[in-house]
Amino acid sequence: MPQPPLPFVCRFAPSPNGRLHLGHAFSALVNAEAAARTGGTFLLRMEDIDTTRCRPEFEQGILDDLAWLGIVPAAPPRRQSEHFADYAKAMARLVVMGLVYPAFESRSDIARAVIEAEAKRGHPAPRDPDGAPLYPFLRSGLSDGERAQRRAAGEPYVLRLDMAAAMEAIGNGPLFWPEARDLPEGPAVPAPADPAQWGDVVLARRDVPTSYHLSVVVDDALQGITRVIRGMDLFPATSVHVLLQRLLGLATPVYHHHRLILDGSGHKLSKSNSATSLLALRNCGATPDDIRARLGLDPLQPTPRM
């Protein structure tokens with residue numbers, strides 16, 4: 001018998017390390033309105049694993065901005081900082097599978113090795129989709145015993161995914177995820193995944209027992225997310241997420257990667273580039289409909305009286 005369709009559950013997952021800007025507003029609205037059109041559920045997640053930069057006042061600012069836009073999540077937000085045990089459990093499974101190893105090279109060590117390799121080869125070193133050089137060292141450069149000794153001695157380290165071993169663990173066959181191309185709630189087509197283009201990605205650090213890649217996969221599974229609706233800038237990272245889902249035995253949601261909101265120079269809006277916040281726009285007299293107009297969305301429709 002055919003399986004009944006999955007419930008439509010999506011989420012908006014900002015980091016409370018600053019105020020929301022127009023790009024955040026667009027993603028939140030696209031998620032909330034897709035849930036409303038389908039009779040689904042819209043959830044909120046605070047991606048606050050960076051406990052030094054994420055602050056309660058920024059979380060409250062996110063809640064205030066969403067309320068001003070007319071967005072009401074179906075439940076209180078899930079805070080990643082309260083669920084490190086969930087990520088540790090997933091990491092432990094990968095460790096048992098032999099797919100994770102501690103790496104001790106600093107950023108300067110990596111940069112120096114990349115420069116030396118480029119000078120020797122006479123061409124640029126391989127880059128990941130974000131433009132960063134791939135990790136240039138081999139796991140086999142140190143024995144597992146040496147790595148364990150250095151870790152026990154308290155040396156700084158990160159935990160990296162052995163990408164070659166991970167690909168072998170899933171069979172090295174084609175890997176895909178379902179991508180809704182047009183509408184967030186629309187039908188999906190297979191999108192080919194290529195996790196190897198990221199190299200041995202970081203899954204945790206000594207001082208932060210998880211990373212974006214690991215925590216987002218675990219959170220989506222535990223929150224029952226069936227539609228991941230996020231910006232096109234995260235399209236390449238989905239390859240890593242699908243790989244982790246396969247390794248951890250988790251379901252793969254349907255994905256929809258929406259257009260980005262760009263600044264006047266054609267760059268994606270970001271907090272690091274001091275994008276104008278929704279609060280600043282509001283303080284200048286902007287209304288929710290003004291925000292929607294700037295984002296190319298239709299005005300809010302008044303709720304009919306009963």
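Nothing fancy with the numbering, it's 1 onward along the sequence.
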### Message
Is it true that Arg53 and Ser15 share a donor-acceptor pair across their side chains at a distance under 3.5 Å?
### Response
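Ser15 vs Arg53: no donor-acceptor pair found between side chains.
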#### Entry: Side-chain H-bond candidate by donor/acceptor type, Gln223 with Arg78, under 3.5 Å
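Checked: Gln223/Arg78 side chains show no N/O donor-acceptor pair below 3.5 Å.
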Whether [X] side chain and [Y] backbone form a donor-acceptor pair below 3.5 Å:
X      : Y      : value
Thr226 : Val9   : yes
Thr252 : Val242 : no
Asp200 : Met163 : yes
Thr238 : Leu234 : yes
Asp130 : Ala132 : no
Arg151 : Tyr157 : no

### Message
Tell me whether the NZ or CZ atom of Arg147 lies within the 45° cone about the ring axis of Tyr101 and under 6.0 Å from its centre.
### Response
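Verdict for Tyr101: no cation-pi partner in Arg147.
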Sub-4.5 Å side-chain heavy-atom contact between [X] and [Y]:
X      : Y      : value
Phe12  : Leu66  : yes
Thr38  : Arg227 : no
Arg45  : Val216 : yes
Leu22  : Ile291 : yes
Gln197 : Ser239 : yes

Could you check whether [X] pairs with [Y] (Lys NZ or Arg NE/NH1/NH2 to Asp/Glu carboxylate O, under 4.0 Å)?
X      : Y      : result
Asp233 : Lys268 : yes
Glu33  : Arg292 : yes
Asp86  : Lys89  : no
Glu179 : Arg181 : no

[atom1] ([X]) with more than 12 external heavy atoms under 6.0 Å:
X      : atom1 : result
Arg294 : CZ    : no
Glu168 : CD    : no
Asp182 : CG    : no

Closest approach of [X] to [Y] (non-hydrogen atoms, all atoms of both residues):
X      : Y      : value
Pro178 : Pro253 : CG-O, 3.4 Å
Gln80  : Asp219 : NE2-OD2, 2.7 Å
Glu118 : Pro124 : OE2-CA, 3.4 Å
Leu134 : Gly199 : CD2-N, 3.9 Å

### Query
Considering the options Trp198, Trp177, Tyr212, which one meets the ring pair (Phe, Tyr, Trp, His ring centres under 6.0 Å) requirement together with His241?
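Considering Trp198, Trp177, Tyr212, a ring pair (Phe, Tyr, Trp, His ring centres under 6.0 Å) with His241 is found only for Tyr212.
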Could you give the distance from [atom1] ([X]) to [atom2] ([Y]), rounded to the nearest 0.5 Å?
X      : Y      : atom1 : atom2 : answer
Asp65  : Leu20  : CG    : CG    : 5.0 Å
Thr276 : Leu278 : OG1   : CG    : 10.0 Å
Leu222 : His83  : CG    : NE2   : 8.5 Å
Leu159 : Leu94  : CG    : CG    : 10.0 Å
Phe58  : Leu63  : CZ    : CG    : 13.5 Å
Phe8   : Ile225 : CZ    : CD1   : 10.0 Å

### Message
Parallel, tilted or perpendicular, judged at 30° and 60°: which one describes the rings of His258 and His256?
### Response
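Rings of His258 and His256: tilted, as their planes differ by 30° to 60°.
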